[in-house]
Amino acid sequence: MSSWIRTEYCGELRSADLGKKVCLNGWVHRQRNLGGVIFLDLRDRSGLVQVVVNPEQKEIYAIAETLRSEFVIMVKGVVSRRPEGSLNKDLPTGEVEVLADELIILNSAKTPPIYVDDSHERAANVDETVRLKYRYLDLRRPARQKNLILRHRVTKTIRNFLDEKGFIEVETPILMKSTPEGARDYLVPSRVNPGKFYALPQSPQLFKQLLMVGGLEKYFQIAKCFRDEDLRADRQPEFTQIDLEMSFIDQEVIFNLLEEMMVRLFREILGVELERPFPRLEYGEAMERYGSDKPDLRYGMELIDISSEVEDSEFGVFRNVIANQGIVVAITAPGCSAYSRKELDGLSQLAMKYGAKGLAHLALKDGQVKSPIAKFFTPQQLAHITEKVQAQEGDLVLIVADEPTVARTALGALRQEMAARLGLIPEGEYKFLWIVNFPLFEFDQEAGRYVAVHHAFTSPLPEDTPLLEEEPGKVRANAYDLVLNGMELGSGSIRIHLRAVQEEIFRIMGLTEAEAKEKFGFLLEAFEYGTPPHGGIALGLDRLVMILTGAANMREVIAFPKTTSATCLMTGTPSEVDPEQLQEVHIKSVANRKTLL
RNA sequence: GGAGCCGUGGUGUAGUCGGUUAACAUGCCAGCCUGUCACGCUGGAGAUCGCGAGUUCGAGUCUCGUCGGCUCCGCCA
């Protein structure tokens, strides 16, 4: 028998191929046995084509009768035009069919526990537990493959782009040193160094800076990163960054590069033209106007400070908040004046999740302002408020009074919720922006010290460096975030390249000289050997692909993702290991001791 | 660490006020059917209702616990 290796992909056959003798490999997507003729939908990565097996072909007809879903087969035959009236316009290959004259079963298959056929929603509706356990079957679904193929095109486009721009892709270690600050590390015990541990990188940060010291000048990497923190829909414990770093540059160089990269990417992947330059927003302004450092600019509904409108009112809650350096902020939800008590309670609970103590509201209906708190305000005060927030008849004004960050964050969450409920978020729009001038430090109450907002290697803005000594909390950072549609897509900074500055930052963060030397001595030393000014950025590839595919969850764009509890249902990761293995790496587990106590 | 939602044949769901035979669709198996394409028709098998306690004459249904999944807060420089 001649070769069974495919000559064509199923989904690519067209009328132009009529008369061609082809050999196909793939999975039986569906079998339709009409009692005489048998139709097979044969599926491979490229799509489906209909195969016809006629009873006259006795040998292969007998085989075709035994075929079941997901059997792996080889079919040889001639591409033929379908008879008049039996064309399928819903299928790209719908004008043709393959008349089988050879058919062999390469492998049989048990009945799949999930639907591979996603012609209907049922495939996507199968419980995710089952789909994660049988991930290899879930991956056969065209919708899944589409995401992975798009992801491939994204990384390919980015590699080409950065290569054209003179970047060198360099791999950095996966086994590296645990460093303080930041997320929890995944630890790997060392067998040959008893009691010592490697850590998996949270990002290649230090290595990419050392590559700049090493004179590479332009580096990038599609880098796996690991953070042992709790998961979210857009957070996996291992994820991928598009990581890059450049020497002899400033912020503008990075912005230009990234904007050009995004323009290229959205054009090639989605056929969407992005507008440049991307808008820039100061961190403080973003918080004030949107209650978020990653605002979604696809809709308005901005936060409005009404502190001065309410400070003279009879409402004690507002007055107290203002007296204690707090603020009163509001948003206007158009057309929501008829919200029920229950709906308002729901919004109130949302606000409280973000630390707000409550949520006040004003409903503008029947030409009046209706609200449980209306009695504390004069008609004139109410008019001032509704005017300030530009509320009209039929609108609902939501008000949070609290310490500034809490008030804004809570109301920012409400802004997002209301926009979603009211359908104000347009699909197919991509609103990029840069957030700039982040604070360099924030004071961590729990730790009782300053911690870096971005990371410890971020340089302060030159004009703010005089403040380092006296008021570290007021120093702004040479750092920036790239935000897209309310998602933090990337984060970067111009780094410190002077030893003295780096030591000062460590000192402010509460590291003693000895600690700094022990943890980061190699970096400090490197800075003494001609380190160029440098900076860079890292983009979350998974998040980028989520937006490009419209995925609601990161699991949809990762081939083998983890569950919310950081496990893999297919392989059963993580798992216990043999006591011998533990002994070899000098580890004794106390996991069970806790439960016994 | 905390909150919420979910868990019923392979899969997706229904299951009333707690009432004895757990329903429907799809998938699966068998038979019939020569132009279907989510083929059709007929018949059949398939569930101790996630697990464990408790309340009750009686629990898929109520209570408590536990496990798993998902979403969110904290956390994620």
Side-chain angles (χ1 to χ4, degrees), chain A residues 29-42 48-56 61 68-70 82-91 93-94 97 99 110-134 137 179-185 202-203 205 225-237 239 346 349-356 409-410 413 416-417 438-442 444 446-447 450-458 477 479 488 491 493 505 509 538 540 552-553 555 562-565 567 569:
Chain A
H29 192 64
R30 199 176 281 282
Q31 183 225 46
R32 288 182 294 279
N33 186 340
L34 290 255
V37 64
I38 293 173
F39 294 103
L40 303 172
D41 285 340
L42 189 63
L48 294 177
V49 72
Q50 174 163 284
V51 173
V52 185
V53 185
N54 282 302
E56 292 74 36
Y61 186 83
R68 295 293 178 266
S69 285
E70 300 307 310
R82 292 194 181 192
E84 277 316 307
S86 63
L87 275 60
N88 185 343
K89 59 184 185 316
D90 297 328
L91 213 57
T93 61
E97 59 192 8
L99 301 178
K110 287 168 70 174
T111 302
I114 61 175
Y115 298 104
V116 173
D117 178 2
D118 52 11
S119 56
H120 249 251
E121 293 133 45
R122 61 184 186 188
N125 288 340
V126 172
D127 185 77
E128 193 152 16
T129 316
V130 187
R131 288 197 281 126
L132 287 171
K133 180 170 177 194
Y134 296 96
L137 294 180
T179 51
E181 305 294 310
R184 289 186 194 88
D185 284 324
Q202 297 175 27
S203 85
Q205 184 59 36
C225 303
F226 307 85
R227 293 178 190 175
D228 187 2
E229 297 292 347
D230 289 343
L231 288 85
R232 287 289 187 283
D234 63 353
R235 257 166 44 191
Q236 284 270 315
F239 61 102
Q349 272 169 24
L350 179 65
M352 291 197 285
K353 270 208 313 207
Y354 289 84
T409 309
Q416 203 182 342
E417 170 68 19
F438 282 86
L440 187 61
F441 296 109
E442 63 188 349
D444 184 332
E446 223 172 287
Y450 284 100
V451 296
V453 168
H454 184 58
H455 57 52
F457 317 106
T458 301
E488 181 196 320
S491 192
S493 64
I505 298 295
M509 292 172 54
N553 194 289
R555 292 185 297 277
K562 303 271 191 295
T563 66
T564 326
S565 51
T567 68
L569 296 178

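Letters A, B, ... are given to chains in the order of the sequence lines, protein chains preceding strands, and every chain is numbered from 1. Hydrogens, waters and symmetry mates play no part in the numbers below; they use all other heavy atoms, side chains included.
Residue A/R30 is classed as a sugar-phosphate contact, given heavy-atom separations below 4.0 Å to backbone atoms only. The residue A/Y354 sits close only to the backbone: its heavy atoms come under 4.0 Å of sugar-phosphate atoms, none of a base. Within the 4.0 angstrom heavy-atom criterion, only backbone atoms of the sugar-phosphate kind lie near A/S565; the bases stay farther away. Within the 4.0 angstrom heavy-atom criterion, no nucleotide atom of any strand lies near A/E442. If you check every strand for non-hydrogen atoms under 4.0 Å, A/S491 touches nothing. Within the nucleic acid shown, A/N33 comes within 4.0 Å of at least one base atom, counting heavy atoms only. The residue A/P83 sits close to a base: some heavy atom pair falls under 4.0 Å. Nucleic acid contact class of A/R82 (heavy atoms, under 4.0 Å, all strands): base. Heavy atoms of A/V451 sit nowhere under 4.0 angstrom from any nucleic acid atom. Note on A/N88: a base of the nucleic acid sits closer than 4.0 angstrom, heavy atoms only. Here A/I114 lies out of heavy-atom contact (under 4.0 Å) with every strand. In this structure, A/R555 reaches the sugar-phosphate backbone alone: every heavy-atom distance under 4.0 Å involves primed, P, OP1 or OP2 atoms, never a base.
A/Y115 contributes a side-chain N or O that forms a donor-acceptor pair with the base of B/G10 under 3.5 Å.
B/U8 sits 15 Å from B/A25 when the C1' atoms are compared, rounded to a whole Å. As rounded to the nearest Å, B/C62 and B/U26 have C1' atoms that lie 32 Å from one another.
Rounding to whole angstrom units, CZ of residue A/R32 and P of B/C39 are separated by 5 Å. One atom, CG of A/L137, and another, C1' of B/G27, lie 14 Å apart when rounded to the nearest Å. As a whole-Å value, the separation of A/D234 CG from B/C73 C1' is 14 Å. For the pair A/R232 CZ and B/A3 P, the computed distance is 15 Å after rounding to whole Å. B/G27 atom C1' lies 14 Å from atom CD of A/Q31, rounded to whole Å.
Checking B/G27, B/A30, B/U36 against every side-chain atom of A/E97, the shortest atom distance belongs to B/U36. Among the nucleotides B/C39, B/C75, B/C29, the one closest to the side chain of A/D41 is B/C39. If you check B/C72, B/U11, B/G69 against the side chain of A/L132, the one that comes closest is B/G69. The side chain of A/N553 lies closest to B/C70 when the candidates are B/U11, B/C70, B/U36. Of the candidate nucleotides B/C75, B/C70, B/C76, B/C70 has the atom nearest to the side chain of A/T563.
In this structure, A/K562 NZ and A/R555 CZ are separated by 12.5 Å, a value rounded to the nearest 0.5 Å. Taking CD from A/Q31 and CG from A/L42, the interatomic distance works out to 12.5 Å, rounded to the nearest 0.5 Å. The structure places CZ of A/R184 at 10.5 Å from CD of A/Q202, a figure rounded to the nearest 0.5 Å.
Where A/V126 and A/T564 meet RNA chain B, the nucleotide closest to each residue was compared, and A/V126 sits on the side nearer the 5' end. Toward the 5' end of RNA chain B, the nearer of the two residues A/T409 and A/E128, judged by each one's closest nucleotide, is A/E128.
With respect to A/R32 and A/D41, a salt bridge is recorded, a charged nitrogen being found less than 4.0 Å from a carboxylate O.
With contacts defined as side-chain heavy-atom distances shorter than 4.5 Å, the pair A/V116/A/E70 qualifies. With a 4.5 Å cut-off on side-chain heavy atoms, A/T111 and A/S69 do not count as touching.
A/E97 contributes no side-chain N or O that, together with a main-chain N or O of A/V52, makes up a donor-acceptor pair within less than 3.5 Å.
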